[in-house]
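Note that the structure is predicted; figures quoted are calculated from it, not measured. In what follows, every chain begins at residue 1, and chains take the letters A, B, ... in the order their sequences are listed.
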Amino acid sequence: MNLDYSRAELLVAVIARLLEGCRHVTVGASSPIPGAAALLRRDLTQGAMRVTILGSNRYNAYTNGGVETFDMAAQGRIDAFFLGGGQIDGQGNINLVGTGRYPASDVRWPGSFGSAYLYYLVPKVILFREEHTRRVLVPKVDFISSPGVSAPGVYRPGGPYGLLTGLAWFSFDKQKQRFRLESVHPGHSVEEIRDQTGFEFDCPDEVPFTSAPEPAILTLIRGRIRNEIAETYPRFASTFAN
Amino acid sequence: MNLDYSRAELLVAVIARLLEGCRHVTVGASSPIPGAAALLRRDLTQGAMRVTILGSNRYNAYTNGGVETFDMAAQGRIDAFFLGGGQIDGQGNINLVGTGRYPASDVRWPGSFGSAYLYYLVPKVILFREEHTRRVLVPKVDFISSPGVSAPGVYRPGGPYGLLTGLAWFSFDKQKQRFRLESVHPGHSVEEIRDQTGFEFDCPDEVPFTSAPEPAILTLIRGRIRNEIAETYPRFASTFAN
Amino acid sequence: MNQQPICELAELAAAVPDGAVLVVAQDNCGVSMAATRELVRRGVRGLHLVCVPISGLQAEILIGAGAVATLETSAITLGEFGPAHRFIDALRKGRIRMLDATCPAIHAALQAGQKGLPFIPLRGLIESDLLASRPDWKVIDNPFSPGDPIAVLPAINPDIALFHAPLADRAGNVYIGRRRELLTMAHASKQTFVTVEAISEQNLFDDAKLAPGVVPAIYVSRIAVAKQGAWPVGLPEHYGADDAAISRYVHSAKTEEGFRRYLDEWLNVEEVTA
Amino acid sequence: MNQQPICELAELAAAVPDGAVLVVAQDNCGVSMAATRELVRRGVRGLHLVCVPISGLQAEILIGAGAVATLETSAITLGEFGPAHRFIDALRKGRIRMLDATCPAIHAALQAGQKGLPFIPLRGLIESDLLASRPDWKVIDNPFSPGDPIAVLPAINPDIALFHAPLADRAGNVYIGRRRELLTMAHASKQTFVTVEAISEQNLFDDAKLAPGVVPAIYVSRIAVAKQGAWPVGLPEHYGADDAAISRYVHSAKTEEGFRRYLDEWLNVEEVTA
């Protein structure tokens with residue numbers, strides 16, 4: 001299948017759609033695709049949606065140090081955030097610490113960052129991981145950096161909204177505590193998703209393809225957005241549309 | 001008795017002596033005599049002792065807002081502070097709220113300010129009240145803005161060091177939970193102190209007079225200190241040596 | 001999170017609903033007396049007024065005007081100008097619910113609000129009548145050291161923070177310099193309303209030296225220009241207090257009638273002059 | 001509370017005792033790699049390293065050099081340059097005690113230290129393995145709302161805060177601008193050691209625009225001048241990271257031997273150049 005857009009461009013367009021209705025979106029320091037998507041959404045709202053990119057000078061109007069992101073989340077002033085994970089399981093648990101027996105992990109990743117807090121407090125947490133394999137999408141994470149769901153009574157206004165990978169988009173059902181396959185990216189199939197996913201998920205009989213970016217959106221991504229993210233993610237910007 | 005210094009000058013000199021050994025002294029916004037005394041002590045230590053005067057721009061190097069005073073006290077970075085009170089009793093309890101039945105007080109004062117915190121945390125709290133009458137120095141305060149002593153087990157590195165009035169200096173004994181008359185200001189007598197004090201206190205057989213300010217100290221007070229406090233307490237500075 | 005935060009003063013005051021939890025700062029931080037006057041003019045009622053951590057003329061006038069139902073403060077003081085007569089009178093007549101506090105308790109509870117914590121512990125307070133008179137404060141055992149009692153205070157999350165500042169920009173950023181309690185107030189409150197001396201045409205974040213002293217626009221809902229907007233209180237580093245006006249206030253406010261006369265006159269001042 | 005805070009870099013490093021609780025900031029806040037090098041040179045051991053809230057090359061090198069006994073951080077990352085090999089290796093070999101945290105927990109515990117609180121509550125965390133692996137963290141019932149579990153964290157009060165800043169003055173005031181976590185670190189720590197690019201002959205408080213971004217001298221024990229003192233890490237708004245040097249580090253540190261060779265070379269650099 002020969003598409004006239006790159007995977008990165010598709011993902012940016014998908015995320016920008018998912019951010020509809022948000023007033024303020026915060027993006028982590030090393031998240032170029034979510035960063036580009038947030039800036040795209042901002043452009044589409046004529047700047048009404050605010051974007052904070054952690055680690056950026058230009059897209060960071062904080063004056064209370066690193067704690068401000070977390071305080072803002074607790075104040076309800078961050079509507080959406082992105083989390084990844086070395087492992088993600090079918091209940092939405094994420095592992096950013098490592099595999100095997102903690103703390104002498106077989107594979108050790110950097111650590112949990114703000115996940116064990118933001119995942120609880122930000123209403124729309126989009127799990128984003130391009131690699132869609134059984135290595136990443138596991139039946140049960142080896143270490144819970146942050147759980148996908150919480151017991152009744154635990155203060156948790158936030159949580160997973162869904163999971164976007166290089167192959168598909170799943171929504172998350174908090175009642176059922178399960179992912180549901182919503183769309184498969186053009187060029188891929190439900191079988192491929194099943195093969196590459198280590199956890200069980202709900203799957204409707206008919207799964208649509210993920211909508212391709214509209215031409216106007218592609219133009220924006222390739223023009224203004226690419227320039228805007230160059231400050232924050234210079235290496236990414238240069239390889240963006242490949 | 002015809003003294004060659006004013007009462008204010010005596011009190012400034014006494015307090016400056018009490019501040020010996022301090023590294024950092026903080027003074028409230030409307031405390032000109034303690035303020036002048038702290039600046040005098042600072043001069044005598046060639047600036048080694050730091051002075052913070054709340055509400056001053058010149059003697060306030062804080063950059064975290066009003067909370068910084070209280071945080072510093074909790075950090076152990078304030079060695080001495082001054083508290084007053086509409087009522088002070090023999091256990092060192094202070095009342096900055098009012099007389100009669102709270103909250104519909106017969107006489108209402110401004111309020112407790114930071115007393116219910118700083119009195120617990122600052123090691124050397126000097127109670128300072130010029131008026132020495134049974135109206136102020138009462139058997140039992142009507143409202144405890146802050147207690148003079150705390151039950152065992154209560155975290156209390158700070159508390160009353162003593163009580164300085166226009167007539168005398170009392171030390172405070174934390175074990176006995178009582179004041180002890182240490183000196184009577186020149187021109188006054190132990191009988192007068194007894195007459196004017198509403199609470200019981202320890203009194204040695206021989207009570208010395210409070211030492212008069214040395215000539216060099218008086219010169220400093222009348223020169224440099226008077227100029228230095230003019231910024232913070234302009235009205236006070238102009239009437240200082242009367 | 002208002003895209004067009006700059007509005008008229010009357011509009012700003014009209015957006016403070018009756019019954020709001022309103023947080024204000026002490027005199028040396030920037031007090032919006034201009035907005036206070038508009039609030040009195042519009043006849044706001046039932047405020048829960050939180051003072052960080054004390055107040056002066058602003059609280060005194062709001063109380064005298066009957067705008068305050070609950071007062072939470074560590075002190076009300078007019079300093080050397082004399083007693084806060086309307087505050088004292090309202091207490092004596094039981095017209096306001098009084099929540100006497102201590103300065104660090106108000107700061108800490110506001111910081112808890114800023115951090116979205118339900119409560120925060122604080123040293124001091126134990127065995128004081130302040131604590132005894134505050135049913136909303138509790139004492140718990142330090143969970144890390146049994147037998148160590150410590151006070152815990154519920155967070156303060158005001159509906160609206162209101163203050164006066166020297167400068168804002170068109171995007172809604174406000175310069176506060178070293179007056180960091182104003183930032184805490186803005187973070188802890190649902191909305192922040194500010195009056196300013198002037199509007200800068202340049203974004204305050206474009207000047208790296210100004211940026212550390214800015215309340216970012218995301219916290220600021222409404223900004224109105226009010227020249228000499230702290231008058232008769234001063235704005236440190238900009239103008240001093242109008243001692244004569246405050247003295248006259250204190251003299252007038254000895255009686256309810258005198259206060260009313262002062263108020264009528266004050267509400268009819270066309271242009272504020274210091 | 002040092003009257004003459006300015007000293008030589010070696011003197012500053014010598015004043016960090018073995019076993020100290022040392023708190024450092026993340027890369028975009030000002031990382032004193034110059035002092036780190038001196039610490040490694042003097043062979044410091046047994047540090048309890050607290051990272052606010054994460055670290056990169058600084059923690060990685062201290063760990064590799066055997067200086068760290070306990071590591072408290074929310075992440076160790078060299079970003080796109082690759083894995084932190086020495087950190088990973090030390091964990092695998094059980095050479096360091098690991099206290100994995102989440103960013104807001106480190107900020108909150110440090111703020112508790114700043115406020116002299118014994119502990120602070122924090123949302124999140126519940127039912128995570130982070131909480132399960134931290135015996136020093138607890139869960140209590142919100143005293144104001146039974147049935148609402150909430151984590152409580154003991155305060156962090158480091159012995160020494162260490163960072164790099166653009167400017168200090170002779171009185172000991174240090175300019176940090178918007179990097180407010182550095183102020184919190186200084187408040188919470190018993191002592192603060194700072195390396196700076198330059199010393200201003202003017203007191204920083206004399207410039208009203210600079211004052212809001214200053215760590216006051218009362219918190220600062222030692223200051224040493226170290227030009228390009230963050231190298232090979234960058235100092236935002238002053239100079240960027242030396243990507244080539246960091247890449248070469250990551251490549252070298254794949255093995256213990258490679259790391260040792262890199263270290264020898266690094267310790268022998270006479271003058272740092274970016």
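- Listed here is the closest heavy atom pair of A:Val149 and D:Glu127: O-OE1, 4.2 Å.
- With chain A as partner, the option from D:Pro83, D:Ser133, D:Ala25 having the largest number of non-hydrogen pairs under 4.5 angstrom is D:Ser133.
- Interface check for chain A: of the options D:Asp100, D:Ile126, D:Thr73, the most heavy-atom pairs under 4.5 Å are formed by D:Asp100.
- For the atom pair OH of A:Tyr119 and CG of D:Leu125, the computed distance is 15.0 Å after rounding to the nearest 0.5 Å.
- Nearest heavy atoms, D:Thr102 versus A:Ser115: OG1-N, 3.8 Å.
- If you tally non-hydrogen atom pairs under 4.5 Å between each of A:Pro103, A:Gly98, A:Ala73 and chain D, the highest count goes to A:Pro103.
- Using a 4.5 Å cut-off between heavy atoms, D:Pro53 makes no contact with chain A at all.
- Of the two parts of D:Ala151, neither the backbone nor the side chain holds a non-hydrogen atom closer than 4.5 Å to a non-hydrogen atom of chain A.
- Among D:Met98, D:Lys93, D:Arg97, D:Arg123, the residue with the largest count of heavy-atom pairs under 4.5 Å with chain A is D:Arg123.
- Heavy atoms only, all atoms of each residue included: D:Cys103 and A:Gly114 are closest at SG-N, 3.5 Å.
- Between A:Phe70 and D:His107 there is a side-chain heavy-atom pair separated by less than 4.5 Å.
- Closest heavy-atom contact between D:Pro149 and A:Val154: CG-CG2, 4.1 Å.
- The backbone N or O of A:Asp106 sits less than 3.5 Å from a side-chain atom of D:Arg92, completing a donor-acceptor pair.
- Atom NZ of A:Lys176 is surrounded by 12 or fewer heavy atoms from other residues, nucleotides or ligands within 6.0 Å.
- Panel note: side chain D:Arg180, backbone A:Thr63; no donor-acceptor pair is recorded below 3.5 Å.
- Side-chain contact between D:Arg178 and A:Glu68 is absent, with no heavy atoms from C-beta onward closer than 4.5 Å.
- Counting non-hydrogen atoms of other residues, nucleotides and ligands closer than 6.0 Å to CZ of A:Arg134 gives a total above 12.
- Remark: the backbone N or O of D:Leu122 is not paired with any side-chain donor or acceptor of A:Tyr117 at under 3.5 angstrom.
- Note that CZ of A:Arg108 is 8.5 Å distant from CD1 of D:Ile76, once rounded to the nearest 0.5 Å.
- D:Asp148 touches chain A through backbone and side chain together, each having a heavy atom under 4.5 Å away.
- In this structure, chain A has a heavy atom under 4.5 Å from the side chain of D:Ile54, while its backbone stays farther away.
- For D:Gln26, no part lies under 4.5 angstrom from a heavy atom of chain A.
- Using a 4.5 Å cut-off between heavy atoms, A:Tyr102 contacts chain D through its side chain alone, with no backbone atom that close.
- Around atom CD of A:Glu200, no more than 12 heavy atoms belonging to other residues, nucleotides or ligands sit under 6.0 Å away.
- Contacts between A:Val141 and chain D at a heavy-atom distance below 4.5 Å are absent for every atom of the residue.
- A:Tyr155 and D:Asn142 form no side-chain donor-acceptor contact under 3.5 Å, judged by distance and modelled atom types alone.
- Contacts of A:Ser145 with chain D are made by backbone atoms alone, with heavy-atom separations under 4.5 Å and no side-chain atom involved.
- The two residues A:Ser146 and D:Ser128 make their nearest non-hydrogen contact at CA-CB, 4.5 Å.
- The OG1 atom of D:Thr184 sits 7.0 Å away from atom CG of A:Asn64, with the distance rounded to the nearest 0.5 Å.
- No side-chain heavy atom of A:Trp109 sits under 4.5 Å from any side-chain heavy atom of D:Thr77.
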